Structure formats: C-alpha cells, structure tokens
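One structure is given here, and the rest of the page talks about it.
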Amino acid sequence: MRITDARVIVSCPGRNFVTLKIVTDDGVTGVGDATLNGRELAVAAYLTEHVIPVLIGRDPARIEDTWQYLYKGAYWRRGPVTMTAIAAVDTALWDIKGKVAGLPVYQLLGGRSRDGVTVYGHANAETVDDVLTEVSHYVDLGYRAVRVQTGVPGLASTYGVAHDRMFYEPADAALPTENAWSTEAYLDHVPSVFARVRAEFGPGLKLLHDVHHRLTPIEAARLGKSLEPYSLTWMEDPVPAELQEGFRLIRQHTTTPVAVGEVFSTIWDCQQLITEQLIDYIRTTVVHAGGITHLRRIFDLAALYHVRSGSHGATDLSPVCMAAALHVDVSIPNFGLQEYMRHTAETDAVFPHTYRFADGYLHPSEEPGLGVDIDEEAAARYPYAPAQLPINRLLDGTMHSW
Ligand code: EZ4
Ligand code: CO
C-alpha cells in the first residue's frame, strides 16, 4: 500500500480550520487536523511545500517511521508549526490504519480503559449572576465538570468571556483586538466568583478555571491558596510555562491542582513539569503535540509521575482532532478530563463525525479508523478568512501575556 496523494484543505465554517487528507492506492483515505489558531497558513504551507512531497510513495502503515522521518528529517526540530504539521500526518495515518484493520483507533491503542470520556464545558459571562445561569445550563445538559470565567470589575474586557456563549471564539478579528489587564483586580475578584458557584452547586460538580498565563509564580500561589476552600479540579496555565522550574514555587504554597500544556508542542516542553511532579494535569493535544503517536508518549511519561491527561479541546481544535483525542482518552490509563467546546452547526456539517455526547461523557466513534471525515464540497463553500488571537496590555500600556 502506498500514499498516492495528500491535500491540504483550508476552510472557514464559522472559524478557520486546516485539514490534511491522505489518499492511498487502495482508495483508503485518512484525515488529520492541522489547525494552529491565528497561524493557519503557516502550517498549510509547511505541509504543502515541505511534507506532502516526501509522503508520496511512502507506506502508510509505517506510522512511527514516518513520525521519526518528519521530526528528525526536518533538522529544525520542534516548534508549533512543525509539530502541528507532523500531527496532521500522524493522525491521518492512524485513521488509515484503523480503516485497514477494520477497527476503531482506540482498539489499536489497547482498547477501552473506561466507559466514557468525562468532558468539561465553558461557562462564561461578564457578571457572577450571569455565570451562575451558564453553569446551570451545563449541569442541565448533563455535564459533570465546568470551567468558569467571568469579567473582572474595572476591566472593559477579558479573556474567556464570550459574546456568543456556547461558541466562544477568541480569534475575533483580522488584526488582534486588545484587552486590558490588572492582576490586582483579577486576584481580588476570582475567589468571590468561586465562593458563589460552589455555594450554589454544592460539592459534586467539578469546577475549573483558566488563568491563561497571566500571573507570576508567587501570584499564582496566592490565587491557588485563595481558591482552596472551593476545591477546584484545576487551575489552568497559572503562569507562562517557558520557565518550568517556576512551578516549584506554586507547588510549595498551594494544594489547588495545576493543569498546563495547551501551547506545548513536545514532551520536552513538559519533561521537568512532569518528572518533578510540578503539575497534576498535562493538557497537550493530538493536533499541537505531534499527533496520537507523540501524545501517547507524553501521557505515558505522565503516568509514571501521577500526572493525568486534560487535553485542550477549544473550538479551534477541529472535529478531526476531537475524534482522535477521544480514542486516546478512552484508552490511556491516566485519563483526567477532556475539554469540550461544541462546534457550530456549519463546522459539524463540514466534518461529519460519529462521536457523541451523553450524560456528561463523550464517546468515541465505533467506526473503523477515527470516525470523522471532511466534506470537501461543503468545506469549499467557506473560504479562509484571516483571524488572529487578541493581545493583552496592562493598564499602563505594557504588553502582557494573553
Ligand atoms: O485560548 O484555544 O483552554 N482553552 C483555552 C482556549 C485557547 C484557544 C487558543 O487558540 O485557553 O480558549
Ligand atoms: Co486554556
């Protein structure tokens, strides 16, 4: 069996997605998500110019060898553009292998370790009163875990507060919009939000919060301590993680669990975080961390150190990524939680899939392969529209992390 063709499909059914479709001489095809939010065309060009030419003629069964070929063969290792491109190829090859075997991919990964994949949704609103309504909406839908974000009094806009609630989409303009940030206002406000949410919903509901790389380690330690009475499942991305040893300081001060990893590309980005047990959940994903092959390597390392998975699953991770993530989630021993933001009807129509939500769980497809495809005719009706993520400034105008 040989790879005879591979196509990069860029489409914007409500937001931009980049998808790789690999075709074989047997007529079997596979799909992989290659979407890197706000940098879509960089990955598309990487695939078209540098990857697809070396795929043609290769044996699609050689997944590990192809991964190593693209990783070591690039010479310029790692980085989000390269690793997203490798992820797309790897995901598509697992899809093909599943179809050839006549098995859903999770069976090739060792079979089920659980009955369903616990997911969390995003409750967000400007005010605490409104966010309570949003949380109850998720509870009514059956969710067992909810991420809670609100506006911060005194700040005109902030991360994670949607205009269109179920379809929160941060990449909102061709040129980056600007948010204002005050760490002092934020740290004063957040504990009062979780006091209200916990009092209203009681101890059973898993609550999460995304700090989105806004704090220093000692500030994150203060936040974690102040949230301890409300038993969060995790505090996400408390600080930018380039400095992995910085997390030691957070650890020394708080028992609020820490989740990190949505922007990581490889195991090397989290090696110290995992082996020093500085985090509780590793949030790397199929699409941004080198595909199913590399993600499993990260999760296997994490399992040795009591770290569980908590993969990123925002709207910019396409249904192809979500389908693949669920096969990993259901099979690994150290699964924690899976983020799940519903896609728009237009997106769902472009990516027909058979994973399904019920009672707070997502269930992977039982079809051979990943159980997801791209409808190329439908995709062609939604041309690429430039959209970038926002930036963030302190009140005095200083650039801050978004
Ligand atoms: O900002 O997916 O946990 N989820 C998040 C997301 C990210 C976007 C970036 O592309 O932080 O909303
Ligand atoms: Co996040």
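Read the numbers this way: they start at 1 and go in the same order the structure lists the ligands and their atoms. Everything quoted here is computed from the prediction, not taken from an experiment.
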**Item:** N-O pairing of Asp373 and Lys21 below 4.0 Å
**Value:** yes
**Asked** So which heavy atom in the protein is nearest atom 7 (C) of ligand 1, and how far is it from that ligand atom?
**Response** Glu262 OE2, 3.4 Å
**Arg114/Asp329 ion pair, N-O < 4.0 Å** = no
**Request:** For atom 8 (C) of ligand 1, grab the closest protein heavy atom and report residue, atom and distance to one decimal in Å.
**Result:** Asp316 OD1, 3.5 Å
**Message:** Just to be sure I read this right, does ligand 1 sit under 4.0 Å from the backbone of Asp237, its side chain, both, or neither, counting only heavy atoms?
**Reply:** neither
**Prompt:** Is His122 in polar range of ligand 1, meaning some N or O pair under 3.5 Å apart?
**Reply:** no
**Message:** For Gly224, is there any backbone N or O sitting under 3.5 Å from a side-chain donor or acceptor partner on Thr254?
**Reply:** yes
**Request:** Below 4.0 angstrom from a heavy atom of Trp402, which ligand 1 atoms are there? Numbered from 1 as shown, please.
**Result:** 1 (O)
**Message:** So that I can tick it off, tell me whether Asp348 and Arg342 are bridged by a salt bridge, with the cut-off set at under 4.0 angstrom between side-chain N and carboxylate O.
**Reply:** no
**Request:** Give yes or no for whether the N/O distance cutoff of 3.5 Å, strictly under, is met between Tyr120 and ligand 1.
**Result:** no
**Request:** Decide, yes or no, whether a salt bridge links Asp130 with Arg196 under the criterion of side-chain N to carboxylate O below 4.0 Å.
**Result:** no
**Prompt:** Quick one: do Asp95 and Lys97 make a salt bridge, cutoff under 4.0 Å?
**Reply:** no
**Request:** Could you tell me the residue and atom name of the protein heavy atom closest to atom 6 (C) of ligand 1, and the distance to it rounded to 0.1 Å?
**Result:** His312 NE2, 3.5 Å
Side-chain donor-acceptor pairs of residues 83-90 under 3.5 Å, sequence neighbours excluded:
unit_1 : atom_1 : unit_2 : atom_2 : d
Thr84  : OG1    : Pro80  : O      : 2.7
Asp90  : OD1    : Thr293 : OG1    : 2.5
Asp90  : OD2    : Trp94  : NE1    : 3.4
Asp90  : OD2    : Ile292 : N      : 2.8
Asp90  : OD2    : Thr293 : N      : 3.0
Asp90  : OD2    : Thr293 : OG1    : 3.3

**Request:** Run the numbers on Asp280 and Arg251 for salt bridge (charged side-chain N to carboxylate O under 4.0 Å, His left out), then give the verdict.
**Result:** CA-CA 10 Å; Asp280 301 280; Arg251 272 309 213 214; 2.8 Å; yes
**Prompt:** Of the protein's non-hydrogen atoms, which lies at the shortest distance from atom 1 (O) of ligand 1, and what is that distance?
**Reply:** His212 NE2, 2.9 Å
**Message:** Could you tell me, atom by atom, which parts of ligand 1 come under 4.0 Å of a heavy atom of Glu339?
**Reply:** 3 (O), 4 (N)
**Message:** Using a strict threshold of under 4.0 Å (side-chain N to carboxylate O), is an ion pair present between Asp359 and Arg144?
**Reply:** no
**Message:** Please tell me whether Tyr143 and Phe357 form a close aromatic pair, meaning their ring centres lie under 6.0 Å apart.
**Reply:** yes
**Which of the ligand 1 atoms, numbered from 1, are nearer than 4.0 Å to a heavy atom of Glu236** = 3 (O), 4 (N)
**Request:** Give the total of protein N/O/S atoms at a distance below 2.8 Å from the Co ion (ligand 2).
**Result:** 3
**Asked** Would one find more than 12 heavy atoms of other residues, nucleotides or ligands at under 6.0 Å from atom OH of Tyr46?
**Response** yes
**Complete:** The protein heavy atom nearest to atom 12 (O) of ligand 1 is Tyr159 OH, 3.4 Å
**Prompt:** For Arg147, is at least one N or O under 3.5 Å away from an N or O on ligand 1?
**Reply:** yes
